[in-house]
Q: 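One structure, pasted below without further comment.
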Amino acid sequence: MKNRDGFSTSLWQESLKTEAPATTPGSGPFDVIIIGAGITGMTTALLLLQSGKKCLILEAHNVGFGTTSGTTAHLNTVIDTPYADLISKFGKQNAILVARGAAEAIAIIKGHVDQYHIDCDFAYKDGYLFSQNERERKQLDKIQEGLEAVGIPAAQSATIPVPLPFDKAIRFGAQAQFHPVKYLSALLQQYIAAGGSIKEHTAAGSIKSEGAFQKVHAGQVEYRATDIIYATHIPPGINLLHFRCAPYRSYVLALELANDQYPDGLAYDLQEPYHYFRTATQAGKPLLLVGGNDHKTGHEPHADHVFSELEAYARKYYDVRAVAYRWSSQYYEPADGLPYIGHLPGGGEHQFVATGYSGNGMIFGTLAARILCDLIVSGDSPYAGLLSPSRIKPVAGFSRFVKENADVLKHFVADRIKQESLTELSALAKGEGRIVLYEEEKIALYKDEQGKLYALHPVCPHAGCIVQWNSAERSWDCPCHGARYTVTGEMLNGPASEGLRLIVLDE
Ligand code: FES
């Protein structure tokens, strides 16, 4: 089983069979270095390779380590941001372009499935959105109007595929679902077979432009390429995009049912936070995926309780025999409702980025691959202007929204302290982490199942916010821009570029 950026095991995680080759690809020059091997990086690299570009992927952990192993892999043209909102913010033609882009992403995935005979449980499904009260009904009416305006037929439906009460429902066809890691695994195989280079467990460090090249330091090597792509979910460093994207956590359960009530379709309610349903199969047996209960990263003090709430919600409507898997994952909510795909702000002509996918990572990750490939190969894309990371759209209240996450700490405690001086230790349960006070300074403290303590400086090295304990994934999460760390301080995901400093606890 491959690792992912969390303590819990996702349904998909065990399926990544293809090993990236351990061979050293040499330092270049390459045409393009792609940093990150999730859906965005892997698809972009394959498309670029097919366009004749010499590519290297640098992955800090293993292929699929990030959100691609934690997604629920819905393939929607009906994206999270309602088209009615997009029409009012960006105009009807641009909203239509987004709808076309989402359909194009599904077509790219289906094209790969057919071309490479990928066994990844790809299936077209109808999608259903339903309201449960007057307020939601009005919202649904608006969503339906928006869908019709961008050319996505959405008829009222008298039934929904899940046993929940509803007062109105709409149905829309040509949505899909798949197994994201089996798909990723197949793309990796194709990429390697076509001569692509990849280095796992190789974190990209500093990047500088010199002459005709972008130079990337990773380990002891300086790799060179004409173009660089950050396919890291959120780019590292301090960038405008960290003030345009807010990190969120989302939760999911994979359930075995005691009867055969598995829904045929994708269903979404309109609660806040919302819930969704799809099915999957594992070893020939069906599972029901129920997800939702999203919250801002680092803003839920009892993340493990979210699983209990989600389970109670599912048990209200389904006869659940067992919870086979439960896991959570991260996504970035963009300020104006659309992702940022194109040139990295402040990065010049040869650095590219894709981020802010909201809950539509498989769709926008795939569309990003098409856009970035076109920008690099031909210098243009029909989506370039609309999704430009440097676009300036009015985002009322969003800066405050990002800033209010911040709790910046300027002082640093010592690197070595006596365990007995931590007064709150006795209250810490096994498996629990907490920010505790030591001589009026904060420490991130975790007690493992054997009672061993791990202490860390809680100051996120990205921009100085204080990390918060995530009990669902046993990680330290930064509430500001979403960097996450293990209990021993190693970085799980950016935008930080180093881990948390360990404090030695003397007996
Ligand atoms: Fe920006 Fe932590 S991720 S301060």
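Each ligand, and each atom within it, is numbered from 1 in the order the structure gives. These numbers come from a predicted model, not from an experiment.
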Q: State which residues pass side chain to side chain contact (heavy atoms under 4.5 Å, CB included) with Ser358; sequence neighbours excluded, sorted by chain then number.
A: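 Ser358: side chain to side chain contact (heavy atoms under 4.5 Å, CB included) contacts with Asp80, Glu333, Pro334, Asn360.
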Q: Mind checking what makes side chain to side chain contact (heavy atoms under 4.5 Å, CB included) contact with His343, not counting sequence neighbours?
A: Glu349, Phe352
Q: Less than 3.5 Å apart, any donor N or O on the side chain of Ser250 or Asp294 sitting next to an acceptor on the other?
A: yes
Q: Ignoring waters, how many N, O or S atoms from the protein are under 2.8 Å from atom 2 (Fe) of ligand 1?
A: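 Excluding waters, the total comes to 2.
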Q: Side chains of residues 34-43: which donor-acceptor partners sit under 3.5 Å, not counting sequence neighbours?
A:
from	atom 1	to	atom 2	distance (Å)
Thr40	OG1	Tyr357	OH	2.8
Thr43	OG1	Ile39	O	2.5

Q: Should the pair Lys182 and Phe178 be classed as cation-pi, given the thresholds of under 6.0 Å to the six-membered ring centre and 45° from the axis?
A: no
Q: Is the positively charged end of Arg4 above the ring of Phe65, judged by distance under 6.0 angstrom from the centroid and angle within 45° of the axis?
A: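 No.
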